[in-house]
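Below, all heavy atoms of this structure are taken into account, side chains as well, without hydrogens, waters or symmetry copies.
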Amino acid sequence: MTDMKERILSFLSPEYPWKDRLSVFPELDSTNNRLKALASQGASHGTVLIADRQTGGRGRMGRSFLSPPGVGIYMSILLRPECAPQELMHLTCAVAAAMCRAVERSVGLRPGIKWTNDLVWEKQKFAGILTEMGLNAAGGVDWTIVGIGVNCCQKAEDFPPDIRDRACSLAMAAGREIDRCRVAAAMMESLWEMDASLFTGKEDMLRFYRENCVTIGKDISVVGAGEVRHGRALDVDDEGALVVQFSDSHVEAVNAGEVSIRGMYGYV
């Protein structure tokens, strides 16, 4: 994958500081899994792995993430913020905001964010985010790994029939061919900028997230702890939790579980 790596590097700005920390692989089971192993061996802050194909790509809730070759970006980045884990509650929101900016820069489209970690175009998903964390002996953050899978070049018929109504790609959204390497470079630059402002720019990031979150204002269902609860999404709070008014009128900040939006992903 030397050509892919060199093309990605060619699109990065001269200021990007982690060019020597990028590795591109023809195939991995999971970029997050490989990067966790490297983190335990002392890999540097800003290390990025990209695979052309994943055989065991993972999403939230233990789901698999379809990762065929030649059409997507499957990327993980290692960050080592010096903080307590509770200070990173907003990380997934920060990554989603950064990915919105990366897509807009590289493709010219502003996607929506389905709380908490999906990027969507209209009512279809084209990208997912998975964040994982490891702690040190003192209970602080040792590492956090952000995994991002983006459908770039697929046509509708490339998706399995059972998800065809819920999935799309950047090429489908834009109506033209997409350069994966240009998108990957924009993602890397946006993550670098996000890392630099992860704490100092939290307020601006959350404002951007709220402005682009398609969940806010929608009727939703929250699945968790063996029950399904119905309500309306009101806001995203300062820690990235979804503020929901449930059918019994009480308001609660939801930070775990699966949220379905009426009219999206086949939910009626």
Side-chain angles (χ1 to χ4, degrees), residues 1-12 18-19 21-39 43 47-78 95-96 98-99 102-103 105-109 111 117-121 124-132 145-191 265:
M1 300 306 295
T2 304
D3 288 349
M4 187 175 181
K5 179 178 178 178
E6 291 307 315
R7 293 200 69 243
I8 292 169
L9 290 171
S10 74
F11 287 120
L12 291 169
W18 302 327
K19 291 181 181 179
R21 302 173 199 181
L22 169 65
S23 297
V24 179
F25 298 86
E27 179 179 298
L28 290 175
D29 66 334
S30 156
T31 55
N32 267 35
N33 285 352
R34 176 64 68 92
L35 198 48
K36 276 195 283 189
L38 294 175
T47 297
V48 174
L49 303 187
I50 296 175
D52 182 53
R53 174 177 185 256
Q54 292 184 125
T55 57
R58 294 179 294 118
R60 285 184 71 242
M61 317 291 284
R63 294 191 181 95
S64 61
F65 186 90
L66 195 64
S67 311
V71 291
I73 298 166
Y74 318 113
M75 175 189 295
S76 295
I77 184 168
L78 171 66
V95 175
M99 291 306 94
V103 169
R105 286 175 182 170
S106 57
V107 181
L109 302 175
N117 66 327
D118 289 352
L119 295 188
V120 298
W121 182 253
Q124 295 177 303
K125 172 180 175 177
F126 69 85
I129 297 162
L130 177 65
T131 55
E132 301 184 89
I145 290 171
V146 175
I148 308 154
V150 183
N151 300 329
C152 288
C153 305
Q154 291 95 331
K155 300 173 183 176
E157 58 268 25
D158 293 331
F159 294 105
D162 60 324
I163 65 167
R164 205 166 284 168
D165 60 337
R166 307 194 303 272
C168 72
S169 67
L170 289 175
M172 291 166 62
R176 58 180 171 81
E177 292 186 2
I178 297 297
D179 188 328
R180 287 191 300 160
C181 296
R182 184 183 294 276
V183 176
M187 290 167 61
M188 291 167 63
E189 291 198 340
S190 288
L191 289 167
Y265 297 6

Practice prompt. Mind checking side chain to side chain donor-acceptor pair (under 3.5 Å) for Arg105 and listing every partner two or more places apart, or none if nothing turns up?
Written response: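 Here the qualifying residues are Ser190, Glu193.
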Fill in: Partner set under side chain to side chain donor-acceptor pair (under 3.5 Å) for Arg34, not counting sequence neighbours
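For Arg34, no residue satisfies side chain to side chain donor-acceptor pair (under 3.5 Å) once neighbours in sequence are set aside.
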[X]: side chain to side chain contact (heavy atoms under 4.5 Å, CB included) partners, not counting sequence neighbours:
X	answer
Thr131	Leu91, Thr92, Ile129, Val146
Ala51	Leu28, Thr31, Gln54
Ala156	Met172

Worksheet item: Should the heavy atoms of other residues, nucleotides or ligands under 6.0 Å from NZ of Lys155 be counted, would the total exceed 12?
Response: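 At most 12 heavy atoms, drawn from other residues, nucleotides or ligands, come within 6.0 Å of this atom.
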Worksheet item: Are more than 12 heavy atoms from other residues, nucleotides or ligands located less than 6.0 Å from atom CD of Glu157?
Response: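 Yes, enclosed.
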Rounded to the nearest 0.5 Å, what separates atom [atom1] in [X] from atom [atom2] in [Y]?
X	Y	atom1	atom2	answer
Phe25	Met4	CZ	CE	12.5 Å
Leu12	Lys19	CG	NZ	6.0 Å
Ser30	Lys36	OG	NZ	7.5 Å
Cys153	Ile73	SG	CD1	8.0 Å
Leu35	Met75	CG	CE	11.5 Å
Cys168	Asp158	SG	CG	12.5 Å

Testing the basics here: between [X] and [Y], what is the closest heavy-atom pair and its distance to 0.1 Å?
X	Y	result
Leu78	Ala43	CD2-O, 3.4 Å
Val95	Leu191	CG1-CD2, 4.2 Å
Ser76	Gly147	OG-CA, 3.7 Å
Val150	Ile148	CG2-CG2, 3.8 Å
Gly128	Asp118	CA-OD1, 4.2 Å
Leu22	Leu9	CD2-CD2, 4.0 Å

Donor-acceptor check, side chain of [X] to backbone of [Y], threshold 3.5 angstrom: yes or no?
X	Y	answer
Arg180	Gly72	yes
Arg164	Phe159	yes
Gln154	Cys152	yes
Asp52	Pro69	no

Item to complete: Please identify each residue that fulfils salt bridge (Lys or Arg N to Asp or Glu O under 4.0 Å) with Arg7, with sequence neighbours left out.
Response: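 Arg7 satisfies salt bridge (Lys or Arg N to Asp or Glu O under 4.0 Å) with Asp179 only.
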Fill in: Side chains of Leu49 and Leu38 in contact at under 4.5 Å (non-hydrogen atoms)
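Side-chain contact under 4.5 Å: yes.
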Worksheet item: Is any side-chain heavy atom of Arg176 closer than 4.5 Å to a side-chain heavy atom of Val107?
Response: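 When only atoms from C-beta onward are counted, Val107 and Arg176 do touch, with a gap below 4.5 Å.
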